[in-house]
There are 2 protein chains.
Amino acid sequence: MGLFLSTYINKIDAKGRVSVPSTFRASLSNESFQGIVLFKSHAHQALEGFPMSYMQNISDRLDHFDLLSEEQDSLAMSIFAESVQLPLDGDGRVVLPAALIEMGGLKDQAAFVGLGHKFQIWNPATLDARKSEAVKNVRAKKMTIPKFEGGQ
Amino acid sequence: MGLFLSTYINKIDAKGRVSVPSTFRASLSNESFQGIVLFKSHAHQALEGFPMSYMQNISDRLDHFDLLSEEQDSLAMSIFAESVQLPLDGDGRVVLPAALIEMGGLKDQAAFVGLGHKFQIWNPATLDARKSEAVKNVRAKKMTIPKFEGGQ
DNA sequence: TGGATATATATGGTATATCATGGAAAAACA
DNA sequence: TGTTTTTCCATGATATACCATATATATCCA
């Protein structure tokens with residue numbers, strides 16, 4: 001799978017249309033669904049973005065919890081029920097529904113932030129603060145990248 | 001994977017273009033993405049450079065954290081959000097974005113420093129100081145190379 | 001060994017294609 | 001038929017591909 005890297009700031013027009021960065025589109029080129037899946041972040045006023053194929057991965061992870069358990073039920077409800085799949089138009093744009101623009105705290109600009117297998121969409125004004133907070137967290141908790149354990 | 005060795009100093013032209021040393025390009029020849037990934041070093045005023053496959057590896061390792069967890073979120077943000085993937089042009093060059101030139105403290109020259117699986121890009125003027133500092137550290141703390149623990 | 005020729009590399013400049021974006025036409029919906 | 005949504009087209013800015021040259025390195029032959 002192609003990775004989502006870098007930060008790109010694009011304009012949201014009056015109809016809610018916004019260009020998905022071309023490098024992101026390139027990462028989606030092998031997807032059967034040509035578009036993205038978005039839902040509100042639980043931790044931030046921002047949107048989480050995934051390729052459709054990765055939603056399968058999320059679903060598999062939720063199987064870690066017992067079926068019908070409180071966790072499974074609540075997580076599934078907050079992620080799957082609230083997510084929307086947005087197809088790319090002929091020019092590489094998606095239309096953000098008004099509800100998502102609101103939930104993401106967006107105005108007339110969208111900052112697409114690559115995070116590897118996923119990405120986020122932020123209001124550019126609040127993104128910088130989050131970035132420095134992230135770096136601070138990594139330093140404070142001395143987070144490191146886990147050694148590869150094989151597996152999948 | 002081919003190793004990055006030695007130090008090469010190349011010119012940065014007015015458009016930010018710089019030749020990737022041919023030996024580095026040779027190390028990249030088996031990569032599916034013909035280019036490099038760069039991001040600002042957290043420790044120095046310099047740029048970290050990786051092949052795309054290595055970023056893929058980092059992303060896979062981050063999957064060991066819970067999805068949407070604080071750790072996963074902060075680490076991904078601090079690494080992937082600020083990294084850029086630069087394709088090689090037909091003549092073996094990449095264009096450095098102005099932001100990266102600034103962050104790396106570069107002017108009109110780039111020193112490519114091979115460091116094994118990765119490399120760094122320095123302003124030649126500040127690189128010498130860093131090199132002797134590194135040697136001093138190794139001697140003072142009597143650092144040695146750990147034994148191989150297996151893995152890939 | 002020496003010289004000439006070929007090959008690869010780094011670097012500079014120019015032309016072309018792509019991208020983001022705004023707007024209009026067409027289609028779908030109620 | 002009015003309204004919304006989707007598709008199509010135009011354009012300026014930007015980035016990418018293309019071509020040219022010089023310098024260094026390697027190869028070949030006398």
Side-chain angles (χ1 to χ4, degrees), chain A residues 2 4-29 33-38 49 84-102 106-114 119 121-124 127, chain B residues 2 4-29 31-38 49 52 83-102 106-114 119 121-124 127:
Chain A
F4 301 106
L5 297 178
S6 293
T7 300
Y8 302 89
I9 296 175
N10 286 340
K11 258 195 164 183
I12 303 173
D13 72 12
K15 293 187 249 178
R17 291 185 304 185
V18 62
S19 284
V20 176
S22 65
T23 60
F24 283 27
R25 289 182 339 238
S27 299
L28 295 168
S29 58
F33 170 68
Q34 280 298 297
I36 59 178
V37 176
L38 296 180
V84 295
Q85 51 180 316
L86 305 177
L88 290 166
D89 71 13
D91 301 322
R93 286 180 284 197
V94 293
V95 181
L96 298 176
L100 276 184
I101 291 179
E102 160 105 22
L106 305 176
K107 261 193 73 182
D108 58 345
Q109 284 189 319
F112 287 77
V113 186
F119 61 91
I121 299 179
W122 284 74
N123 182 325
L127 177 59
Chain B
F4 302 107
L5 297 177
S6 268
T7 299
Y8 304 88
I9 296 175
N10 286 340
K11 251 195 165 185
I12 304 173
D13 72 12
K15 290 189 253 176
R17 290 186 303 187
V18 62
S19 284
V20 175
S22 66
T23 59
F24 283 27
R25 283 176 353 231
S27 299
L28 296 167
S29 58
E31 291 284 316
S32 57
F33 171 69
Q34 282 297 298
I36 59 177
V37 177
L38 295 180
M52 191 60 183
S83 62
V84 294
Q85 55 178 317
L86 306 177
L88 289 167
D89 70 14
D91 304 319
R93 285 179 288 194
V94 294
V95 291
L96 300 175
L100 277 185
I101 291 179
E102 159 108 21
L106 306 175
K107 261 194 75 183
D108 58 345
Q109 284 189 320
F112 286 77
V113 185
F119 60 91
I121 298 179
W122 285 74
N123 183 326
L127 177 59

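Small disclaimer: the values here were computed from a predicted structure and weren't measured. Throughout, protein chains are lettered first and strands after them, A, B, ... in sequence-line order, and every chain is numbered starting at 1.
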Peer 1: Starting at CD of Gln34(B) and ending at C1' of dA17(D), how long is that distance when rounded to a whole Å?
Peer 2: 16 Å
Peer 1: Donor-acceptor pair, distance only, cut-off 3.5 Å: does the side chain of Gln109(A) make one with the backbone of Trp122(A)?
Peer 2: no
Peer 1: Of the listed nucleotides (dT7(D), dC19(C), dT16(D)), which one gets closest to any side-chain atom of Arg25(A)?
Peer 2: dC19(C)
Peer 1: Shorter than 3.5 Å, N or O on both sides, protein versus nucleotides 8-11 of chain D: list them out with atom names.
Peer 2:
unit_1: dC9(D); atom_1: N4; unit_2: Asp91(A); atom_2: OD2; d: 2.7

Peer 1: Atom CG of Leu86(A) to atom P of dT5(D): distance rounded to whole Å?
Peer 2: 13 Å
Peer 1: Over how many whole Å does the gap from Leu88(B) atom CG to dC18(D) atom C1' extend?
Peer 2: 16 Å
Peer 1: Is a donor-acceptor contact shorter than 3.5 angstrom present between the side chain of Lys15(A) and the base of dT3(D)?
Peer 2: no
Peer 1: Using a heavy-atom cut-off of under 4.0 Å over every strand shown, decide if Ser19(B) touches base, sugar-phosphate, or nothing.
Peer 2: base
Peer 1: If you check the Asn10(B) side chain, which of dA24(C), dT21(C), dA10(C) turns out closest?
Peer 2: dA10(C)
Peer 1: Could you tell me which non-hydrogen atom of Phe112(B) sits nearest to which non-hydrogen atom of Ile121(B), and how far apart they are?
Peer 2: CE2-CD1, 3.7 Å
Peer 1: Minimum heavy-atom separation for Lys107(A) to Asn123(A), with atom names?
Peer 2: N-ND2, 4.3 Å
Peer 1: Could you check how far CG of Leu96(A) sits from C1' of dA20(C), rounded to whole Å?
Peer 2: 15 Å
Peer 1: Distance check needed: dA15(D) P versus Tyr8(A) OH, whole Å only.
Peer 2: 11 Å
Peer 1: Mind checking side chain to side chain contact (heavy atoms under 4.5 Å, CB included) for Thr23(B) and listing every partner two or more places apart, or none if nothing turns up?
Peer 2: Tyr8(B), Pro21(B)
Peer 1: What residues, two or more places apart in sequence or in another chain, satisfy salt bridge (charged side-chain N to carboxylate O under 4.0 Å, His left out) together with Arg17(B)?
Peer 2: Asp13(B)
Peer 1: If only side-chain N and O atoms of Lys11(A) are considered, is one of them under 4.0 Å from the OP1 or OP2 phosphate oxygen of dA20(C)?
Peer 2: no
Peer 1: What pair of heavy atoms forms the shortest contact from Pro87(B) to Val94(B), and how long is it?
Peer 2: O-CG1, 3.6 Å
Peer 1: Side chain of Pro21(A), heavy atoms from C-beta onward: which of dT14(C), dT11(C), dA20(C) has the nearest atom to it?
Peer 2: dA20(C)
Peer 1: dA10(C), dG12(C), dG13(C): which one has an atom nearest the side-chain heavy atoms of Asp13(B)?
Peer 2: dG12(C)
Peer 1: Are any side-chain N or O atoms of Ser83(B) and backbone N or O atoms of Leu38(B), one a donor and one an acceptor, separated by less than 3.5 Å?
Peer 2: no
